Q: 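Pasting a structure below so you can have a look.
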Amino acid sequence: MATVGKTKLESGWLAARSTEVEVTGVQLTTTTPPSGPSAPWMEAAVPGTVLGTLLKNKLVPDPFYGLNNEAILDIADSGSEYYTFWFFTTFEAKLKENQHATLNFRAINYSGEVYLNGHKRILEKGMFRRHSVDITDILNSDGKNLLAVLIYPPDHPGTIPPQGGQGGDHEIGKDVAAQYVEGWDWMTPIRDRNTGIWDEVSLSITGPVKLADPHLVSSFFDNYKRSYLHTTVDLENKSSWRAECSLNIQVTAGLAEDFFLLEHHQSYELSIPPGSLVHYTLPPLFFYKPNLWWPNGMGKQSLYSIEISVDVKGFGESDSWSHQFGFRKIESTIDKATGGRLFRVNGQRIFIRGGNWILSDGLLRLSAKRYMADIKFHADMNFNMLRCWGGGLAERPEFYHYCDVYGLLVWQEFWITGDCDGRGIPVSNPNGPLDHDLFLFCAQDTIKLLRNHASLALWVGGNEQIPPKDINTALMNYLKLHPLFKSNEESSVAGEDLSQESTDPSQYLDGTRAYVQASMWDGFADGKGDFTDGPYEIQNPEDFFKDDFYQYGFNPEVGSVGIPVAATIRATMPPEGWQIPLFRKLSNGYIEEIPNPIWKYHKYIPYSNPGKVHDQIESYGHPKNLDDFCEKAQLVNYVQYKALLEGWTSRMWTKYTGVNIWKTQNPWTGLRGQFYDHLHDQTAGFYGCRSASEPIHVQLNLATYYIEVVNTTSDELSDVSVEVSVWDLDGKCPYYNVTEKLLVPSKKVFPVVELKYPTSKNAKPVYFLLLKLFRLSDTSIISRNFYWLHQPDTNYNILEPYRAKKVPLKITSQVFITGSTYKIQMSVLNITKNSNSGISRSLMDDKSGCMDLVKEPEAAKFKTGVLSRIFSGLQGSRSEHGPRVFEVTGSDTGVAFFLHFSVHDAKAVEEAANDTRILPVHYSDNYFSLVPGESMAINISFEVPEGVTPRVVLQGWNYHGHGFFVC
């Protein structure tokens, strides 16, 4: 017999092309069900898309590999019937008396028909809406049920013009669907336009009364000392008799792993008439000094567990609902000083350093595990915002859950883009989607789905375009702020006592977050809708710091290069795609890069901009092959994106309020605008961002050559100093300085001292700069920043012979294993002696700035055979306490430059086309450099597939010993 609760229907699905199925939906679910995965039926990807199902069954080539997408039939050529598919499964459910059953589709694309045990129901149009089908009366009495779903593609899938374009021919804009599927300047077209059951399918069993769409809101008073939790919930009595109910709410706070504090447990009696739906607002729950939820870099992401249940007299528990909830207040206004949009969280200004997000995967192969890796990557980069671009998805609850956990604010756009909705070339759909009522229904449903997430910070009408007037007006009305959530500038009633408010805030559709009509309006770009976002190509690093670079307070999109590592190129392209671009020298001295056809298809952005930016890869010496090209590209990626964010941060609050980089990742194997690739391997740009976006950061202004300390926190920074050291290619330190004691105010950029070494008499053409911000009390390092720099009118070509240097290293390793999860603590020491006798008091040997080693739970297994196999150049010895210590021999002195770890399958065959990497891997830092006598601690964590033994590989610019450490 069925128990109350939700069961996901995520396995055992079959699929078949509708034109190849000769029976009806009634017959499929009564007399003629498929017997298994035999033609025309195949194993289905649910949740997923038709194209994902075809790929799963190897009926199409991987569309993201090489030029394979060109071999797949586009819906414009095949007709919609080709991608109209049946999906079939079975499930068991036998109801008890007074139980009710609902079949739930969290999202499909685009419309469908449901057949259950011979009964037909309709799934209405719209990609971003939930469907709930009451199946209580059509379940089979024996509990065995047959389910078939016929899914139709979007009504207007469009045609892809020969030249491609932003959103193809824009026809997809007539539907309420993702618009990227017709292709963009960063994306190839998706041939089925994402047709399918693309999100969760579930079966819900309830008693007579069902809960729906609770709305949770926290309000604050007395400078956040007093807080109230407001709750409104829908209750539907599905029975034919009056239900006497007890509505229960429980709030618990996590204290530690497996320990919780019960904050509230309240019950309320109510009576619901038969067949009726009531909106019930609970009395507010009082909290004194609740643990607040903060964005990444501002504090802890405290989350409370909220559980709501309803008991019906004579039946027992009828339904329940749970959600993690963060107490926080988000305000968003236009900053008077800069004209940029300003965000405040819990009363504190937050300088936005974030990224634009399309979606995780272009075939909608979405999972909680993939989302967790995606969002943790952004937190690891020290980002604090993600913008969900309007041509992509209304992101899923799992996405928002991990944004809640890791502290990423989310700017969520509705499904409007300038390209497809009025501003395209030619002008496209000036009145937006054809069915405005459908758009607004989907918008309301999306708001209800996502509104309880602490991370959701802003609603935006569209990308680079305001929605049609009636839609925009309706959205403004849906999303109007409750008086408690208006800023002091907007309303004088902000901060009034709760008893003076006539309407409980949880009765609003949202009421707690601002709505902005489009991405270049009202504090974004020029605020008036002119195309004033961007640019989107390689820049001279110093330009990001200049007065004339970008004139507006908040840039919603600025992008650049993003070539991945060579292993990703080889894993995602055939050998003809391994050819690096041709470098053609122009008459003006600039270089034009000419990529191979596969790179061009994958939307490659060159590392030169003739007439403005000399080729940044060529600056390190002409690349010899793919490995050389990609290694030098990582150097450029690191410098480019670190300079971008440091340049923006240098003008924090004086010129800018924030920036979102276009983009942080690709939903396919694209070759532009990414900090990690589609396979989940990071580029060096990832770690350039991580450095630049530290909450407290020391940096060099590349325009003025002033050293600056950035303090984005709410606390004053006192009793600190900056150590400045310059290192040449011979490993000598020709310049060293420690500043006087500094006091850096909260949320300020503090100029410290000018770096005068570049203008000194004996300055080298290429040199390394190491900055360390440290506490005077204990010399603990707060921020460390490493640069490689060259004099004006020179380049980095001299680093090419530097590769031959053999700098000795000492490597210590310790491994902890819990199940399939590995946590490895690596320490790398440059054991070159510090030859600079002029340094009287140095932090060079201080290790306190390295990341603390994490103490593992007792259940973790410590593996002593950490580095059991080595290659040439390594000599090992085991310490008494378990860690293994190895020394890499070398006779040269100097900087160990651009070291980076990777993790591989130890048993995999090493061949050019064989990708041995284990992905994803989380590194506390990577692509790092060590001056003589300096060490760095790196924490590495990852999961391994069953039967795989991992090995950790260390490589670098001047370290090619191929030392493989087998765990």
Side-chain angles (χ1 to χ4, degrees), residues 294-301 350-357 360 368-387 398-410 455 562 564-565 568 634 637-638 641-642 644-646 649 659-661 663-666 673-697 712 782-786 821-826 849-854 899-903 917-928 936-943 952:
W294 292 96
N296 189 32
M298 292 187 72
K300 187 178 178 182
Q301 290 75 54
I350 175 171
F351 187 72
I352 297 299
R353 291 174 290 190
N356 283 268
W357 170 270
S360 183
K369 186 175 182 179
R370 186 173 178 93
Y371 273 135
M372 182 179 72
D374 283 322
I375 304 308
K376 188 176 188 306
F377 276 163
H378 289 83
D380 288 346
M381 285 189 283
N382 290 313
F383 281 7
N384 53 27
M385 176 174 276
L386 283 173
R387 172 197 174 205
E398 291 79 8
F399 170 92
Y400 277 92
H401 166 74
Y402 287 110
C403 288
D404 292 347
V405 169
Y406 291 112
L408 273 297
L409 297 173
V410 183
S455 55
V565 298
T568 293
Q634 299 319 310
N637 290 344
Y638 189 100
Y641 286 109
K642 186 168 79 164
L644 189 160
L645 286 172
E646 287 184 338
T649 305
V659 60
N660 284 331
I661 296 176
K663 345 180 258 351
T664 58
Q665 48 76 244
N666 275 301
Q674 60 185 357
F675 300 129
Y676 61 92
D677 58 47
H678 189 249
L679 305 183
H680 271 167
D681 199 356
Q682 299 96 329
T683 72
F686 184 108
Y687 299 97
C689 289
R690 177 178 173 81
S691 172
S693 296
E694 292 177 305
I696 299 174
H697 182 61
T712 68
I782 302 169
S783 173
R784 175 192 181 276
N785 201 348
F786 183 88
T821 300
Y822 280 67
K823 293 186 178 180
I824 304 178
Q825 299 167 350
M826 306 292 297
C850 300
M851 183 169 290
D852 292 337
L853 299 183
V854 179
L899 300 171
H900 48 97
F901 286 107
S902 55
V903 182
R917 291 171 298 171
I918 294 172
L919 298 171
V921 180
H922 298 276
Y923 304 91
S924 61
D925 205 350
N926 220 351
Y927 293 95
F928 59 97
M936 177 79 74
I938 307 291
N939 289 346
I940 305 173
S941 62
F942 54 91
E943 290 187 15
V952 178

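Source: prediction; values computed, not measured. Side chains are part of it too, since the values below use all heavy atoms of this structure and drop only hydrogens, waters and symmetry mates. In what follows, residues are counted from 1 in the order of the sequence shown.
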Q: To the nearest 0.5 Å, what is the distance between CG (Leu408) and CG (Asn384)?
A: 7.5 Å
Q: Quick one: side chain to side chain contact (heavy atoms under 4.5 Å, CB included) partners of Gln634, sequence neighbours excluded?
A: Ile563, Val565, Asn637, Thr683, Ala684, Phe898, Tyr927
Q: Can you confirm whether or not the ring centre of Phe901 sits under 6.0 Å from the ring centre of Tyr923?
A: no
Q: Do His378 and Thr664 have side-chain N/O donor and acceptor atoms under 3.5 Å apart?
A: yes
Q: Roughly how far apart are Ile918 CD1 and Asp681 CG, rounded to 0.5 Å?
A: 12.0 Å
Q: For Phe377 and Phe686, I'd like to know if the aromatic rings sit close, meaning centre-to-centre distance below 6.0 Å.
A: yes
Q: Please verify the inter-ring angle class for Trp357 with Tyr371; under 30° counts as parallel, over 60° as perpendicular, anything in between as tilted.
A: tilted
Q: Determine the minimum heavy-atom distance between Ala692 and Thr649, stating which atoms define it.
A: O-OG1, 4.5 Å
Q: Could you work out, with side-chain hydrogen bond (donor to acceptor under 3.5 Å, both in side chains) as the rule, every residue matching Asn296, not counting sequence neighbours?
A: none
Q: Taking side-chain hydrogen bond (donor to acceptor under 3.5 Å, both in side chains) as the definition, give me every residue that meets it alongside Asp374, ordered by chain and number, with sequence neighbours left out.
A: Ser360, Tyr676, His680
Q: If only atom types and distance count, is the side chain of His697 paired as donor or acceptor with the main-chain N or O of Ser783 below 3.5 Å?
A: no
Q: List the steps, then state whether side-chain contact (heavy atoms from CB on, under 4.5 Å) holds for Met385 with Ile350.
A: CA-CA 10 Å; Met385 176 174 276; Ile350 175 171; over 6 Å; no
Q: Can you sort out the partners of Tyr638 under side-chain hydrogen bond (donor to acceptor under 3.5 Å, both in side chains), two or more places apart, ordered by chain and number?
A: none
Q: Taking only residues two or more places apart in sequence, or in another chain, which ones meet Glu694 in a salt bridge (charged side-chain N to carboxylate O under 4.0 Å, His left out)?
A: none
Q: For Phe786, check ring-ring contact (aromatic ring centres under 6.0 Å, His included) against everything at least two apart and list the hits.
A: Phe768
Q: Testing the 3.5 Å rule here: is there a donor-acceptor pair between the side chains of Asn382 and Arg690?
A: no
